[in-house]
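So you know, we letter chains A, B, ... as the sequences are listed, proteins then strands, and number each from 1. A quick note: this is a predicted structure, and the numbers were derived from the prediction, not measured.
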Number of protein chains: 2
Amino acid sequence: MLHVAEAARVSVATVSALINGTATVSPELSQRIEQAIRDIGYKRNAIARSLKMGTTRTIGLTVPHITNPFFTDVVSVIQQAFDRAGYAVMLCCTDEDLNTQDDQIRLLLDRMVDGLIVARVGDGAILKRIVDDAKVPVVLLDRVCEGVDTDTVVLDNQRAVFDAISYLIDLGHRRIGYISGSFDISPMHDRMTGYREALQAAGLPVENELVRFGNFHEVDGYNATMQLLSLHDRPSAIFSANNPMVIGTMKAIRDIGLSCPEDISVACFDDFPWSDVFQPQLTTVAQPVKAIGEQAANLLLDRLAGNRDAPPRKLALKGRLMIRNSCRPLGAPLGAIAQSVSA
Amino acid sequence: MLHVAEAARVSVATVSALINGTATVSPELSQRIEQAIRDIGYKRNAIARSLKMGTTRTIGLTVPHITNPFFTDVVSVIQQAFDRAGYAVMLCCTDEDLNTQDDQIRLLLDRMVDGLIVARVGDGAILKRIVDDAKVPVVLLDRVCEGVDTDTVVLDNQRAVFDAISYLIDLGHRRIGYISGSFDISPMHDRMTGYREALQAAGLPVENELVRFGNFHEVDGYNATMQLLSLHDRPSAIFSANNPMVIGTMKAIRDIGLSCPEDISVACFDDFPWSDVFQPQLTTVAQPVKAIGEQAANLLLDRLAGNRDAPPRKLALKGRLMIRNSCRPLGAPLGAIAQSVSA
DNA sequence: TGACATGATCGAAACGTTTAGATTAGCGTT
DNA sequence: AACGCTAATCTAAACGTTTCGATCATGTCA
């Protein structure tokens, strides 16, 4: 900018005024300055600007795994929203690890991001400290966190799983295996509650042997399913509370020589692009990914636009049960599956 | 830092020296400074540091669509690699649009990223200008670009498609439909060449009516497949040069009342996590995603470590044909598919 | 004892912006 | 002719670091 100013024989203040439109500058000088900018190929240094202005027009986004299709879509939507608003997005993947997440949020705050969207943070106390220390707005995604009072957008997980399990019960299933993710994040808590309540509402017992835990990965789903299938009285249906794990479930079913839905019904959380392309077409709980991402982005953009003091806003969106053909009515002949799908 | 210096009754220079270890500071002062840092909760401002140092420890990464499973994986691997190295990653999605990509690269350069990994840039001239203007190292991914001399990691696309098409020919297919992405990026060019050469090597004609173009999206694959299937003499196999488009292909086959592989064989580019879970299990060309991402990251990290003047390095990795059961031997009875899979 | 090397510490400039406040020029009023 | 008003422009101080060169005390050696 100094060089531009010299070349145009004006002060840097005038150059700045022209570039930012913060003051009127005469047509004559404007022209000289614009010419100089072109000649020199000047580009404003955003770092210096950030230092002075105290704002980077960059936000931080952390997700556990970008390869989980739910987060892939959420990241995509959020990235687009902020791109439109002229913000850059720094992406971090926490690998479901709390320490990693801590480090990464620190990394982002060091770089003075203007705001933070964090998905699936683990511990309330740590998060609270972060939110308080950082003077930037934070929106929580996919997880509520007691004691942390900030904008939040989550799914009504309990209700969603309740509906899914109730659907299985309606089909006649009585022993329904449930594969949960680790319990230290609220969605897994709520989903489990939904499972329990659906069973109880139908007067069915909640049996511990039918509940397994995994760490969100395919291999965990595989192992959990193997255990469920080798039970003395094995379940007739399995619900996986997380999408990557259901891949393991399907592989385990195949490896053990069973097939879905003939021998065992399967449903899971989170829809994915191929769900209605191949066989069996998985029955899933679809999250309104686009809405979730956009709401989160809007909440943060609103704060960034200056609305700092509004009370925390908590959004809970509804999931939708996508009924396909991976669950069969129990007791009914196999041919009845087609009808149950159109129901 | 100023406050820390005052609290510890030393100069800012000494604080800086201690933090960075750039000079020895006496145990006594060290202790006072560290105490002050704790008391105040001081965190070094990375923006001010970047301004002074001319380096942000941040890189820019642009991909067309993060929802394309190939790019999802690549982004994941690259993010991890840079995270390990203490770099932040700014992610941009270009939506296959050259102007968008241009804007985003500018956005990233404005923010003084230390390096750039760009996947699928369109035009050689524009890219060349960008690479030259930006004084930062650039790694090209998934695309070669004539006239732009910089580090590159790509797949041997031509060979990969050649192998896939040859496989179909070996199965007895003679009319093989081909769905390409837009032609303005080199992989699509090379893949098409692979298609052509495989046909020619087998003495088969290259028929224009069997070749369709789409813009990488599911809907494009759907439309292209509809056209192919309504040809007077319809193909017995379809190869899709891009992964999202193959979803459209499968849906079109279903909607038209045919089934795969009984009526029509299907193969495509890019593997995905569910490919061997559901039926039909798609035969795909798997890119070594992990290697591609890691190589790209390593090339850039090497440049960032100071190796600026080494000549441009061009890596071409090999794809792998994952033979499953979505392609059937032509003329053979249906039961023969199983054998062909194990072949 | 004086000169000098050594090691610790500091002062101040620089990185490239923004912006408050000062200065100047032009012009209409009285 | 003196005054005030407005619009255009400039000067200079910040933003929070790093770093060069200067300063100063201390100890060593001739």
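Applying the 4.0 Å criterion to OP1 and OP2 of dT17(C), one finds that Ser16(A) has every side-chain N and O outside that range. OP1 or OP2 of dT18(C) has at least one side-chain nitrogen or oxygen of Arg44(A) nearer than 4.0 Å. At least one side-chain nitrogen or oxygen of Asn20(B) sits closer than 4.0 Å to the OP1 or OP2 atom of dT18(D).
The NZ-P distance, from Lys43(B) to dT17(D), rounds to 12 Å in whole Å. Atom CD1 in Ile19(A) sits roughly 13 Å away from atom P in dT19(C) (whole-Å rounding). Rounded to an integer number of Å, the gap from His3(A) NE2 to dG16(C) C1' is 11 Å. Nucleotide dT17(C) holds its P atom 15 Å from the CZ atom of Arg111(B), rounded to whole Å. One interatomic measurement links the two molecules: CG of Leu51(A) to P of dT17(D), which rounds to 9 Å at whole-angstrom precision. The CG-P distance, from Leu18(B) to dT17(D), rounds to 14 Å in whole Å. Atom CD of Glu6(B) is separated from atom P of dG11(C) by 12 Å (rounded to the nearest Å). Rounded to whole angstrom, the span from the CG atom of Leu2(B) across to the P atom of dT18(D) amounts to 14 Å.
Taking the six-membered ring where the residue is Trp, His65(B) and His217(B) present perpendicular rings, their angle passing 60° and hence far from 30°.
Ranked by how close their nearest DNA chain D nucleotide is to the 5' end, Ala48(B) and Thr22(B) are led by Ala48(B).
Residues Arg111(B) and Thr58(A) have side chains that bring a donor and an acceptor to within less than 3.5 angstrom of each other. Counting only N and O atoms by type, the side chains of Gln35(A) and Arg38(A) include a donor and acceptor under 3.5 Å apart. Under 3.5 Å, the side chains of Glu294(A) and Asn298(A) contain no donor-acceptor pair of N or O atoms.
Lys43(B) and Asp110(A) are joined by a salt bridge, as a carboxylate oxygen and a charged side-chain nitrogen come within less than 4.0 angstrom of each other.
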Protein and nucleotides 10-13 of chain D: nitrogen or oxygen contacts under 3.5 angstrom:
from	atom 1	to	atom 2	distance (Å)
dC10(D)	OP2	Ser11(A)	N	2.9
dC10(D)	OP2	Ser11(A)	OG	3.2
dC10(D)	OP2	Thr14(A)	OG1	2.4

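Residue-level contact check: Ser26(B) touches the backbone only, with heavy atoms under 4.0 Å from sugar-phosphate atoms and none from bases.
Closest non-hydrogen pair, Gly181(B) versus Phe216(B), comes out as CA-CE2, 3.7 Å.
With contacts defined as side-chain heavy-atom distances shorter than 4.5 Å, the pair Gln80(A)/Lys290(A) does not qualify.
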